[in-house]
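The structure under discussion appears below in the form of structure tokens.
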Amino acid sequence: MKAIRRFTVRTVLPDNLSALDELASNLRWSWHQPTLELFRDIAPETWDEQGKDPIGLLGEIAASRLAELSADEAFVGRANALRDELRDYLSAPRWFQSLEGEVPGTIAYFSPEFGIAAALPQYSGGLGILAGDHLKTASDLGVPIVGVGLFYRAGYFRQSISRDGWQEESYPVLDPDGLPMRVLRYPDGSAAHVVLALPEGRALHARIWQLAVGRVTLLLLDTDVQENGEELRGVTDRLYGGGGEHRLLQELLLGIGGARAVKTYTSLAGIPAPQVFHTNEGHAGFLGLERVSDLIGNGLTFDEALQAVRAGTVFTTHTPVPAGIDRFEASLVRRYFSTELLPGVDVDDVLALGAEPDGMNAGAPDAFNMAVMGLRLAQRANGVSKLHGDVSRHMFGALWPGFDADDVPIGSITNGVHAPTWVDPTVSAVAASRLGTSDTTVADWASAAVSDAELWAMRGRLRSQLVADARRRTSAAWAEENPGVGDPSWFGSLLDPQILTIGFARRVPTYKRLTLMLHDPQRLRALLTHPERPVQIVIAGKSHPADDEGKRLIQRLVEFSQEVDVRERIHFLPNYDIGMAQLLYPGTDVWLNNPLRPLEACGTSGMKAALNGSLNLSILDGWWNEYYDEEDGWAIPSADSAGDGAERDALEAASMYDLIEHQIAPTFYDRGADGVPTRWVAHIRHTLATLSPELSATRMVREYVEQLYLPAAAAERAISAKSYQPARELAAWKARVVAAWPGVHVTHVESGGVDAVPQVGEQLQVRAFVQLGGLSPDDLAVELVYGRARDGDELAEVRTIELELDSVDAVSSPAALATYAGTVALDRSGSFGYTVRVVPRHALLASPAELGLTAVA
Ligand SMILES: *Cc1c(COP(=O)(O)O)cnc(C)c1O
């Protein structure tokens with residue numbers, strides 16, 4: 001029998017244990033080891049059964065055990081000390097508080113998913129975990145972020161695998177009362193609400209849950225409230241559950257509702273309204289329109305408001321895979337915006353923001369593209385690794401016509417991971433006892449203070465822990481699928497804590513190639529059953545519920561792993577989540593990643609593995625393309641020149657087998673007299689020493705602050721000064737420049753100063769004649785663009801210098817000519833090429849490409 005509704009009755013704690021309540025209600029516990037240990041020690045078995053969830057644990061504890069703890073002075077003292085430590089963590093100044101100059105008071109961070117703890121399944125994969133890590137790190141650094149997302153009643157699905165290997169989904173409904181969150185309320189005690197006007201006079205209501213992630217507040221909007229009819233209550237039912245209209249409703253709520261929720265929250269909390277809005281992927285893009293609507297209410301036009309909104313908005317694109325980018329039918333968007341939803345905003349202006357530019361159209365001219373809108377609403381944008389930045393500049397280049405991909409204003413900040421969440425306590429304990437700090441990202445792993453034997457023993461403990469966890473999960477899954485039937489006897493020898501262990505876990509979209517390892521089943525079998533140097537593989541991953549192709553891939557793997565001769569050596573673990581991941585990454589010797597390059601924007605699971613001394617074996621994609629250095633793992637060469645996908649798979653799979661057989665396994669099993677594989681341990685040490693600081697989210701969040709948040713806050717301050725006068729001027733200036741631009745030309749370029757046979761050291765003098773089209777010389781910059789000339793006269797290694805205005809005729813005439821001059825030193829030999837271009841110039845532009853206007857000689 002199933003309950004139709006459930007709720008959690010909270011335990012009444014003895015007075016002297018009230019610290020437990022305070023500790024449980026701030027998600028800091030999810031990355032604070034001493035607090036986790038405190039809760040575990042209350043009842044270790046229940047702790048595991050409850051999925052390491054303090055509130056779940058407290059709900060299950062018998063009154064007698066509580067009485068016992070209440071009488072235990074040492075325990076009470078420990079709880080109180082941790083509570084005091086938490087209070088201090090929440091109030092003491094941190095890195096951000098030491099920054100000089102004007103800093104933003106609040107930064108709003110929007111994401112459709114947040115992965116913070118296994119007990120809060122509000123994530124599906126990398127994007128959500130990254131968002132969770134971003135908030136946790138912002139908390140550690142004191143960055144004043146407010147997170148904004150949706151509260152999904154059933155989160156993402158729970159995966160089980162049927163006997164014939166088919167993925168089955170279930171959607172256990174979450175009970176908000178059993179989670180560390182509370183409703184945001186007005187001073188009179190009533191629940192704060194956001195309301196969105198919908199077509200046909202309907203309205204969507206949502207309440208706002210408030211979660212404490214250390215110092216950071218996370219707001220999650222929830223439509224399961226009485227004011228909504230049955231259908232609208234379901235808007236926040238599941239993460240990525242529906243398509244079309246359901247998804248649009250979720251995104252309207254996330255963007256517009258989210259922006260309203262932050263406004264309500266900051267005013268109730270008495271903190272500054274956000275100056276910077278960071279939107280992750282296109283999903284939350286409508287937030288910019290809500291802010292435009294607000295400013296229109298303050299008397300600005302749409303174009304003026306747009307300038308102000310762009311100044312304070314940062315857009316991060318997280319995937320180059322088309323399926324990861326939301327596109328809606330324009331007619332649907334038109335219907336939803338032809339309402340009172342956004343007062344003052346014309347629906348045609350909305351549609352123009354999401355229209356795909358010429359050259360980017362993937363065959364649906366009527367598509368409304370959320371990423372394109374996101375880029376148009378943000379003055380600053382980035383990808384999530386260097387390679388992904390480059391891929392994104394090409395992918396979205398059509399938004400800045402006339403500019404080379406290199407000039408497209410999309411930068412990159414490589415992702416990082418939150419070490420306190422992802423580094424196993426075993427590893428931090430070694431750092432603490434030998435290297436004088438439990439922060440593994442600053443510990444000196446190169447130091448001889450930790451011996452090879454100790455590092456190797458540490459890795460052995462992590463591997464054993466994974467094997468034990470895999471057996472436990474496998475038994476539990478068996479018991480669920482086969483009630484009353486005991487475990488098959490071979491479960492006792494499932495995986496071996498001594499064998500080279502390869503891990504592979506991820507969502508299952510096609511580009512990640514879950515089954516590449518099965519390309520040649522006989523070769524795989526030989527690796528698994530090798531008499532001296534066997535390998536074992538642990539696999540996990542969820543397929544999107546609507547993706548039968550992905551489910552078939554899982555099924556193929558499961559079927560293979562059931563074959564009698566390999567079943568102890570290759571194993572699929574159902575229900576990949578944060579809890580499993582925290583043991584899986586550290587426990588594997590080699591973390592495998594074989595995406596189709598360059599579709600993995602960054603990939604973070606391999607980073608989490610590396611922070612625990614696991615070595616990566618990966619295609620040179622995402623972060624690995626940037627950090628592979630021959631000592632920290634192995635690179636699978638991409639067969640970019642392969643004739644087709646099948647050939648490419650064959651070549652890349654063969655390289656992978658070769659690396660495992662001829663390099664990885666021999667190094668792992670090459671033991672000294674003491675049983676330590678010295679060469680392998682050297683790789684571990686190098687990985688920990690060089691990658692730990694680089695892959696830490698501390699590096700990432702600092703880069704966001706320094707490269708994006710602070711400049712965006714400064715731009716927002718500048719443009720909103722004097723009641724938005726600069727925004728009005730910028731809008732008027734842009735309109736004038738766009739109108740005049742067809743009349744701007746480089747009519748003629750002269751050069752001199754070099755001999756017939758130019759030599760290194762000579763100065764090339766360039767003079768350009770530019771027709772201003774009625775603009776003033778102040779409105780534009782004339783640049784000499786030069787570099788190596790390649791075939792077809794393409795410039796490479798491009799550099800730019802600005803030419804100086806030399807003379808100008810009567811400016812007011814559209815035909816007026818201005819001359820510009822400058823010199824460039826020929827500082828290297830070889831082919832040289834140059835051209836001259838004109839670009840708009842204004843102090844409030846963040847990039848010369850911003851308007852997508854240029855005139856080239
Ligand atoms: C880190 C993580 C991911 C993302 O890993 P990728 O390498 O980006 O695929 C997905 N799921 C969980 C549970 C994770 O911890």
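These values consider heavy atoms only, across backbone and side chains, with no hydrogens, waters or symmetry-generated copies. Start at 1 and go down the list; that is how both ligands and their atoms are numbered.
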Do we get R158 above Y171's six-membered ring, with its NZ or CZ under 6.0 Å from the centre and within 45° of the axis?
no

Looking at Y657 versus H519, is the centre-to-centre ring distance below 6.0 Å?
no

Do the side-chain N and O atoms of W422 and D133 include a donor-acceptor pair separated by under 3.5 angstrom?
yes

Taking the side chain from D326 and the backbone from M370, do they hold a donor-acceptor pair closer than 3.5 Å?
no

Taking ring pair (Phe, Tyr, Trp, His ring centres under 6.0 Å) as the definition, give me every residue that meets it alongside Y511, ordered by chain and number, with sequence neighbours left out.
none

Short N or O contacts of ligand 1 with protein, under 3.5 Å, listed by atom name?
from     : atom 1 : to   : atom 2 : distance (Å)
ligand 1 : 7 (O)  : T604 : N      : 3.2
ligand 1 : 7 (O)  : S605 : N      : 2.9
ligand 1 : 7 (O)  : S605 : OG     : 2.5
ligand 1 : 8 (O)  : T604 : N      : 3.2
ligand 1 : 9 (O)  : K512 : NZ     : 2.9
ligand 1 : 15 (O) : Y585 : OH     : 3.1
ligand 1 : 15 (O) : K608 : NZ     : 2.6

How about H283 and F110: are their ring centres within less than 6.0 Å of each other?
no

